[in-house]
S.K.: 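One structure coming up, written as structure tokens, with questions to follow.
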Amino acid sequence: MSHLGSIACKVTNLKHLTQLHANLIQNSLHHHNYWVALLLTHCTRLHAPLAYTHLIFNSLPCPDGYVFTSMLRYYSQLGAHSEVVSLFKQMQYCGIRPAGTFVYPVLIKLAGEACIVFHAQVVKLGHFQDRYVRNAIMDMYAKYGPVKFARKLFDEMPERTLADWNSMISGYWKWGDEVEARRLFDVMPEWNIVTWTSMVTGYAKKGDLESARRYFDEMPEKSVVSWNAMLSGYAQNGFAEKALRLFDDMITAGVQPNETTWVTVISSLSLHGDPCLADSLVRTLDQKKIHLNCFVKTALLDMYAKCGNLETAHRIFDELGVYRNSITWNAMISAYTRVGDLTSARELFDKMPEKNVVSWNSLIAGYAQNGQSAMAIELFKDMTATKDLKPDEVTMVSVFSACGHLGALKLGNWVVNILNENHIKLSISGYNSLIFMYSRCGSVEDANRVFQEMETRDVVSYNTLIAGFATHGHGMKAIELMSKMKGEGIEPDRVTFIGVLTACSHAGLLEEGWKVFKSIQAPAVDHYACMIDLLGRVGELDEARKLIESMPIKPHAGVYGSLLNASRIHKRVELGELAASKLFELEPYNSGNYILLSNIYASAGRWEDVERVRGKMRKVGVKKTTGWSWVEYKGEIHKFIVGDRMHKRSDDIYRLLSELGRKMRRNGYMADKSCVLRDVEEEEKEEMVGTHSEKLAICFALLVSEVGAVIRVVKNLRVCWDCHTAIKIISNLEGREIIVRDNNRFHHFSNGLCSCKDYW
DNA sequence: CTAGGGTTAG
């Protein structure tokens, strides 16, 4: 017996546990309640697999109260609520009287919403005299609410232990009541490590790291838990470097890191995405013979995934087997979405047993970030149909972004309704995504309204609205907003200047643009590209060329792209050729450059050169990028591609198209080679042939929309110039306002005119 | 036996 006792003391991992188990079987002690209860306790501590724990529990012919209690604890740790309840029933069925001291704390922690019932039952059974039980109930109210009930019990207690004070304090932190938490801390008779640590965690969760650090430094003594609290405070608030430095301090202070410490350290390191660092970390863990529990393994999985090593990540995922929890699944799902493998991500998501908000958010964000906005919104619709799950701010950020990309204002407003219905509070980044959505949906007024409503704004808020002004061609407003942000003490960054210069460019504000450009300390390549775009659009092409020649840094494709586009606007063949030759070196597979150059030749009537460029395209093997256009109608996105025949209203659309063609000719519009009715010709056989997508989308909108309503179309590329002319005519003939959003700006057509100046 | 620390999504 005594040797078993010494083995039992040394159970620090699952291998030891199975050894002890084997020893018990050898000594025929595996039907002994005492030993089984001990084994089950170890199972809880070591997060043993469910099947193994069941095996131990089921081997007992008649478990007693202690064995049941151990099993309850195991389930409670897993969060297996229904199992706890059924085990509790089984216990009562077996006639085992619940030992309040042991059973109730376990049950109560799981009960959550059912807490009042348990509270009553405990009082009825007379367990309320027990201070552990009393603390457990109070702690339950403190954690799950209403926190007022906890306070009532706390105030009515005949005597209060330190644990009661501590429960109450962490309860207040949990509900965000910093004032009350601090007040209690200040008036309580004595403090221990737990008290101090709760204060550190409380402030850290609030994001007030200075206060957290102050309490941490003032603590008379620290445990690993205290260090871990401070570490995760830094890590959770995005200060990975500070966390790692604190970890060094911890080692210097001679504190042994435990598994929890490593979890935080690994997650801080994984932000670097450095494979070498990952390998050396794993070696360190191996050298120190650190036991890897499921938390550490999940953190490692995530780290490998972020370093681009998906094979190892997946291996860990497989190895974890029954140890997998929802976080493991989520980490694996986002590992796939990060590399754009949405099929695998979706597969995992569908297989996942218990999905939570993060699972949905990961996949929705995955779709949104990989250009599948419509899918993101579909998934969000599925999510809202799931009753026991509420979207949160993170969900909204992705969905707003998706609506913005689609330019789907009605959908966006529907999402805003859901936001209000669920009383979701938005942080700065939430508001920023809302600003983005409204400005990309064409409602820069709403974007501005949201911006004005914000209590605090960051540089992204300003940048987003400035970019919104830029796409709408409001140059002066963008410049004014930049002055305003300076006035409020927020320094413009690289992105701000890109926004303002783009705005100047779209509004033709040469002088103001120059001023802004000259105010940039060390302009980046992108700023040069914007400035060259501005010079080019207003016709200062030689100035633009001079600016390129004077650049202290190597120009990139954007710079020559601006020059090429300007050459197209102002029909400068030789300059266009120069820009194009650079571009064919820099990005030979970008079809847009070939198209622009051939358009320049076409506008000069140099058809042989047009043919030559097309020949070059074929030779290099460049395929024309497929452009999509879409229209929002009744909460659905209707998407069109060149020559689309897939849409269910296709026949009607083409009928309308030819009707429009006849109408144009009757009104004297000529269909010449460079304009109006020209569609992609047979010559581009291998590619998509037919009517351009924006024309199809507009026709669809004409069919379904109410008379006189504004038509809104989004295209994911530049509106091609012949379509641009055609849309002007359509707006005139049909008396309709048509708004087309490009990949970089809004075109506002009415009465045969367009708001932009750079198309013929 | 009660109270403090952990991994995932924007």
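Basis for what follows: all heavy atoms, side chains included, without hydrogens, waters or symmetry-related copies. These numbers come from a predicted model, not from an experiment. Note on naming: letters A, B, ... go to the chains in the order of the sequence lines (proteins, then strands), and numbering restarts at 1 for each one.
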S.K.: Assign A:Ser429 to base, sugar-phosphate, or nothing according to its heavy-atom contacts below 4.0 angstrom with the strands shown.
M.R.: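 Base contact.
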S.K.: For A:Glu178, is there an ion pair with A:Lys206 - N to carboxylate O distance below 4.0 angstrom?
M.R.: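 Yes, charged N to carboxylate O under 4.0 Å.
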S.K.: Ignoring hydrogens and geometry beyond distance, is the side chain of A:Ser226 in donor-acceptor contact with the base of B:dG5 at under 3.5 Å?
M.R.: no
S.K.: Hey, can you tell me if A:Tyr215 and A:Trp196 have their rings parallel, tilted or perpendicular (30° and 60° cut-offs)?
M.R.: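 It falls in the tilted class, 30° to 60°.
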S.K.: Please report the distance, rounded to the nearest Å, between CE in A:Met383 and P in B:dG10.
M.R.: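 Distance check: A:Met383 CE to B:dG10 P gives 14 Å.
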S.K.: I'd like to know if A:Gln369 reaches the base of B:dG10 with its side chain such that a donor and an acceptor end up less than 3.5 angstrom apart.
M.R.: no
S.K.: Just the rounded figure in Å: distance from C1' of B:dG5 to OH of A:Tyr215.
M.R.: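 The distance from OH of A:Tyr215 to C1' of B:dG5 comes to 19 Å, rounded to the nearest Å.
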S.K.: Can you see if the side chain of A:Arg338 gets near the phosphate of B:dA9 - specifically, an N or O under 4.0 Å from OP1 or OP2?
M.R.: yes
S.K.: What integer distance in Å separates A:Tyr141:OH from B:dA3:C1'?
M.R.: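 Computing the A:Tyr141:OH to B:dA3:C1' distance gives 19 Å.
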S.K.: Whole-Å distance between B:dA9 C1' and A:Leu348 CG?
M.R.: 15 Å
S.K.: Does CD belonging to A:Gln256 count more than 12 external heavy atoms closer than 6.0 Å?
M.R.: no
S.K.: Without decimals, in angstroms, what is the distance between A:Leu271 CG and B:dT7 P?
M.R.: 11 Å
S.K.: When you get a sec, tell me which of B:dG5, B:dG4, B:dT8 is the closest nucleotide to the side chain of A:Ser232?
M.R.: B:dG5
S.K.: With a cut-off of less than 4.0 Å, is there a side-chain N or O of A:Gln236 near OP1 or OP2 of B:dG5?
M.R.: no
S.K.: Name the closest nucleotide to the A:Ser427 side chain, picking from B:dG10, B:dG5, B:dT2.
M.R.: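 Looking only at heavy atoms from C-beta outward on A:Ser427, the closest nucleotide is B:dG10.
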S.K.: If you only use heavy atoms from C-beta on, which nucleotide in B:dT7, B:dA3, B:dG5 is closest to the side chain of A:Asn228?
M.R.: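 Among B:dT7, B:dA3, B:dG5, the one nearest the side chain of A:Asn228 is B:dG5.
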S.K.: Let's see if you can work this out: which of B:dT8, B:dT2, B:dG6 has an atom nearest to the side-chain heavy atoms of A:Ile327?
M.R.: B:dT8
S.K.: Does a donor on one side chain and an acceptor on the other come within less than 3.5 Å for A:Thr298 and A:Thr328?
M.R.: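 Their side chains do contain a donor-acceptor pair, which is all the 3.5 Å distance test asks for.
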S.K.: Can you see if the side chain of A:Ser170 gets near the phosphate of B:dA3 - specifically, an N or O under 4.0 Å from OP1 or OP2?
M.R.: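 So the side chain of A:Ser170 is outside the cut-off, no N or O lying under 4.0 Å from OP1 or OP2 of B:dA3.
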S.K.: Tell me whether the side-chain N/O atoms of A:Lys297 come closer than 4.0 Å to OP1 or OP2 in B:dT8.
M.R.: no
S.K.: Please report the distance, rounded to the nearest Å, between CZ in A:Phe295 and P in B:dT7.
M.R.: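 About 9 Å, once rounded to whole Å.
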S.K.: For the atom pair CG (A:Asp208) and CD (A:Glu210), what is the distance rounded to the nearest 0.5 Å?
M.R.: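 It comes to 6.0 Å.
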S.K.: Using a 4.0 Å heavy-atom cut-off, does A:Ser401 contact any base of the nucleic acid, only the sugar-phosphate backbone, or nothing at all?
M.R.: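 Since no nucleic acid heavy atom lies under 4.0 Å of A:Ser401, the category is nothing.
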S.K.: Taking only heavy atoms on the protein side, list every residue of residues 355-367 of chain A lying under 4.0 Å from any atom of DNA chain B, sorted numerically.
M.R.: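 Within this stretch, A:Val358, A:Asn361, A:Ser362, A:Ala365 sit under 4.0 Å of the strand.
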S.K.: How would you list, by chain and number, every residue that makes a salt bridge (charged side-chain N to carboxylate O under 4.0 Å, His left out) with A:Lys288, sequence neighbours excluded?
M.R.: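 Once residues adjacent in sequence are excluded, A:Lys288 has no partner under the salt bridge (charged side-chain N to carboxylate O under 4.0 Å, His left out) criterion.
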S.K.: Starting at atom CG of A:Asn192, determine the distance to atom P of B:dT2, rounded to an integer number of angstrom.
M.R.: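 Rounding to the nearest Å, CG of A:Asn192 and P of B:dT2 are 13 Å apart.
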S.K.: Determine whether a donor-acceptor pair (N or O, by modelled atom type, separation under 3.5 Å) exists between the side chain of A:Asn258 and the backbone of A:Thr260.
M.R.: yes
S.K.: Nearest to the A:Arg131 side chain among B:dT8, B:dG4, B:dT2, which nucleotide is it?
M.R.: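 Closest of the options to the side chain of A:Arg131: B:dT2.
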S.K.: Tell me which nucleotide among B:dG6, B:dG4, B:dG10 gets nearest to the side chain of A:Thr260.
M.R.: B:dG6
S.K.: Return the value, rounded to whole Å, for the distance between atom CE of A:Met188 and atom P of B:dG4.
M.R.: 13 Å
S.K.: Would you say the rings of A:Trp262 and A:Phe295 are close, in the sense that their centroids are separated by under 6.0 Å?
M.R.: no
S.K.: Would you mind telling me which of B:dT2, B:dG6, B:dG5 lies closest to the side-chain atoms of A:Asn135?
M.R.: B:dT2
